[in-house]
Amino acid sequence: MSDTRRHNRSNKRRKPSVNPDKIRRPNRYHKILRRMQSRLWLIFGVVCVLFVVLIVRLMYIEYSSGEKYEKIVLSQQGYSNEIIPFQRGDIVDRKGSVLATSVDVYNVILDCKMLNQTPEKKESTISAVTKYFPEITEDQMEKALSDRKDSQYEVLQKKVDVKSKEDFEAMKNEDANKDKIAGIWFEKEYMRTYPYDNLAAPVLGYCSDGNTGALGIESYYNNDLNGTNGRKYGIYTDNNTVENTVIAPENGKTLVSTIDVNVQSIVEQEILNWNEAHRDGTKDGSINTACIIMNPNNGEILAMASYPSFDPNNPRDLSARYTPEQINAMTEEEQVDALSKLWKNFCVSNTYEPGSTFKPFTVAVGLETGCITGDETYMCDGKERVSDHDIHCVNRDGHGILTVEGSLKESCNDALMQIVRVIGPDIFSDYQSIFGFGQKTTIDLPNEASTKNLLYSKDELTKIASNLATNSFGQNFNVTMIQMASAYSSLINGGNFYKPHIQHSMLDSSGNKVSSAVPVVLKETVSKDVSDILKNYMLHVVTDGTAKEVQVEGYNIGGKTGTAEKLPRDQGNYLVSFIGYAPYNNPELVIYTVIDTPNVSDQAHSSYAQEITRNILEQVLPYLNIERADQDVVEGE
């Protein structure tokens with residue numbers, strides 16, 4: 001075979017080295033691959049976005065409706081859910097004596113579902129429960145098991161004492177009874193109690209509905225005294241065991257008050273003694289009798305008492321004040337009115353005309369402004385002619401010539417009207433405001449009465465001269481006891497008007513101090529020089545003036561009496577009072593006693609208030625270690 005033929009045959013067998021289809025096919029694969037990758041990335045991105053949206057949605061549901069869905073989920077499981085109550089904080093006196101506390105009590109709970117699932121234990125369980133808790137009846141339990149057979153929470157009895165609960169559990173745990181009782185458990189609660197019964201009741205207040213403070217400290221500091229409930233969740237697993245989750249409660253704070261339980265007890269006992277001595281059948285010794293003792297140098301209230309009062313352990317009980325026949329004869333509205341009178345804290349919530357206890361303030365205004373010097377004399381002829389009619393002095397025959405000090409010693413209305421005429425309505429009105437009259441003291445107790453609209457304006461004092469004249473000796477305008485005690489404290493402590501307060505400090509549930517009340521000076525009323533002059537004047541009101549009956553042997557006491565005729569003026573009803581301080585050199589306490597309408601034939605005598613005050617001071621002054629008198633100092637005045 002020739003070489004040419006061999007070459008041609010070889011060429012026929014050889015295929016082309018490059019196929020056009022094979023050249024195009026890889027490009028098509030790449031395009032398909034790129035499209036698939038793009039789609040996968042798109043799908044991945046969409047899935048990521050959906051996950052983000054889902055997470056955001058779940059977070060929103062958890063935030064807005066988490067508790068709702070949690071309840072739905074739990075309701076579809078077998079579980080136990082027990083509230084662990086917080087313990088409301090105690091109220092104690094300044095030395096730690098407990099005035100209000102919360103004690104353990106228990107609710108008896110029946111798990112109907114569990115007991116119905118163990119019928120062999122039903123009879124023995126009912127028998128044991130009714131034996132140890134006589135108020136629970138067999139019919140009550142049978143009805144609950146029948147009517148609410150799937151309920152896991154039926155309250156059989158509330159507020160069972162600790163001993164009854166422990167006795168039942170001890171019996172249940174005995175070997176003979178371990179497998180005989182089912183479906184009974186105890187829910188812990190706290191019950192508010194007041195160990196001293198009605199002592200300081202209007203100051204403390206009481207609790208309604210468990211932990212809701214009503215009146216007094218209980219109301220004002222309700223949020224501090226309350227805590228936060230805890231919870232115990234028990235989820236039943238498949239093998240019928242319980243997995244518990246416990247959220248501990250946060251107990252309330254303990255309030256340490258400024259009250260001294262011994263001083264408070266003395267005050268209340270003497271008020272009660274006086275009213276019992278002047279009781280006439282079912283008629284009380286007075287409409288109201290009240291007393292405040294406070295520290296003039298920081299505004300702390302050592303005692304605050306008003307009569308009649310109530311028992312905060314049973315605040316709606318009227319039996320201590322009224323006979324069963326009287327209570328039965330009352331309408332519901334009359335009973336509510338009777339209770340409101342018992343609950344009211346006269347020292348803070350009642351207003352009245354102060355009478356002559358206001359006279360030191362008028363004198364202080366004159367001295368502070370220079371309208372008088374203290375060297376003036378005044379002629380009292382028994383009355384003062386004002387606006388074409390006579391305004392009489394307590395002594396209708398007149399006191400004769402009196403000095404400024406003498407006008408206070410004799411409690412002369414005539415001299416005070418002459419002094420206020422020099423002062424004038426503008427200055428007098430301004431100083432009523434400076435002394436805090438017409439304003440709330442902002443004491444940390446609820447329901448402080450407002451006297452804003454119970455004072456004459458400058459215009460009314462100017463246009464009607466008799467308004468200014470009668471105001472000078474404490475008539476025709478209203479005050480509260482806490483206003484008077486706070487303002488008076490500034491008169492004798494050098495001029496500092498302290499905010500009165502009842503809280504001393506706060507403790508956490510472990511007893512650690514978390515806050516303390518800091519004395520707050522709200523304003524300055526008079527200079528120290530004027531304060532010293534007034535102290536001297538009022539010392540002599542007690543030593544040889546109208547307040548002689550308040551003297552306590554061995555102590556220098558200063559003060560001022562008050563007798564205010566109540567409206568309507570022709571009824572012969574009076575509010576009598578005494579306000580004073582001790583000791584003379586360095587006052588450590590202010591005491592203010594008020595008797596509203598004493599049950600006596602002739603009411604217009606401050607001696608009744610002096611009697612109560614003296615009896616109180618005879619016990620309180622030694623107890624508080626108040627400095628005894630230096631007779632040389634008194635004689636040198």
*Can you list every pair that meets salt bridge (Lys or Arg N to Asp or Glu O under 4.0 Å) and has a residue in residues 211-225, with sequence neighbours left out?*
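Passing the test, one end in residues 211-225: R88-E218, R192-E218.
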
query = For H278, which residues count as a side chain to side chain contact (heavy atoms under 4.5 Å, CB included) partner, sequence neighbours excluded?
reply =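 Checked H278 against side chain to side chain contact (heavy atoms under 4.5 Å, CB included); matches are W274, V600.
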
For the residue pair [Y] / [X], report whether a side-chain donor-acceptor contact shorter than 3.5 Å exists.
X    : Y    : value
D596 : S286 : no
N313 : Y206 : no
N350 : T480 : no
Q269 : N273 : yes

task: Mind checking salt bridge (Lys or Arg N to Asp or Glu O under 4.0 Å) for K283 and listing every partner two or more places apart, or none if nothing turns up?
output: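 Listed in chain order: nothing, the list is empty.
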
Of all residues at least two apart in sequence or in a different chain, which pass the salt bridge (Lys or Arg N to Asp or Glu O under 4.0 Å) check with K143?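 Once residues adjacent in sequence are excluded, the partners of K143 under the salt bridge (Lys or Arg N to Asp or Glu O under 4.0 Å) criterion are D147.
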
Exercise. T451 and Q439: which non-hydrogen atoms are nearest, and at how many Å?
Worked result: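 Result for this residue pair: OG1-N, 4.0 Å.
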
Do you know the tightest heavy-atom contact between L575 and K566?
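Where L575 meets K566 most closely, the heavy atoms are N-CG, 4.0 Å.
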
Mind checking the OH-CG spacing from Y220 to D444? Nearest 0.5 Å is all I need.
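Between atom OH of Y220 and atom CG of D444 there are 5.5 Å.
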
**Message:** Between E448 and T442 (side chain of the first, backbone of the second, donor and acceptor by atom type, cut-off under 3.5 Å), is there such a pair?
**Reply:**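 Such a contact is found between E448 side chain and T442 backbone.
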
request  = Output every pair passing side-chain hydrogen bond (donor to acceptor under 3.5 Å, both in side chains) with a member in residues 115-129, not counting sequence neighbours, ordered by first then second residue.
outcome  =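 Every pair satisfying side-chain hydrogen bond (donor to acceptor under 3.5 Å, both in side chains) with a residue in residues 115-129: K122-E142.
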
Side-chain donor-acceptor distances from residues 176-183 under 3.5 Å, at least two apart:
unit_1 : atom_1 : unit_2 : atom_2 : d
N177   : ND2    : M171   : O      : 3.0
N177   : ND2    : E174   : OE1    : 3.4

Check: Hey, is E154 close enough to R148 for a salt bridge, meaning N to O under 4.0 Å?
Finding: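 R148 and E154: salt-bridged.
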
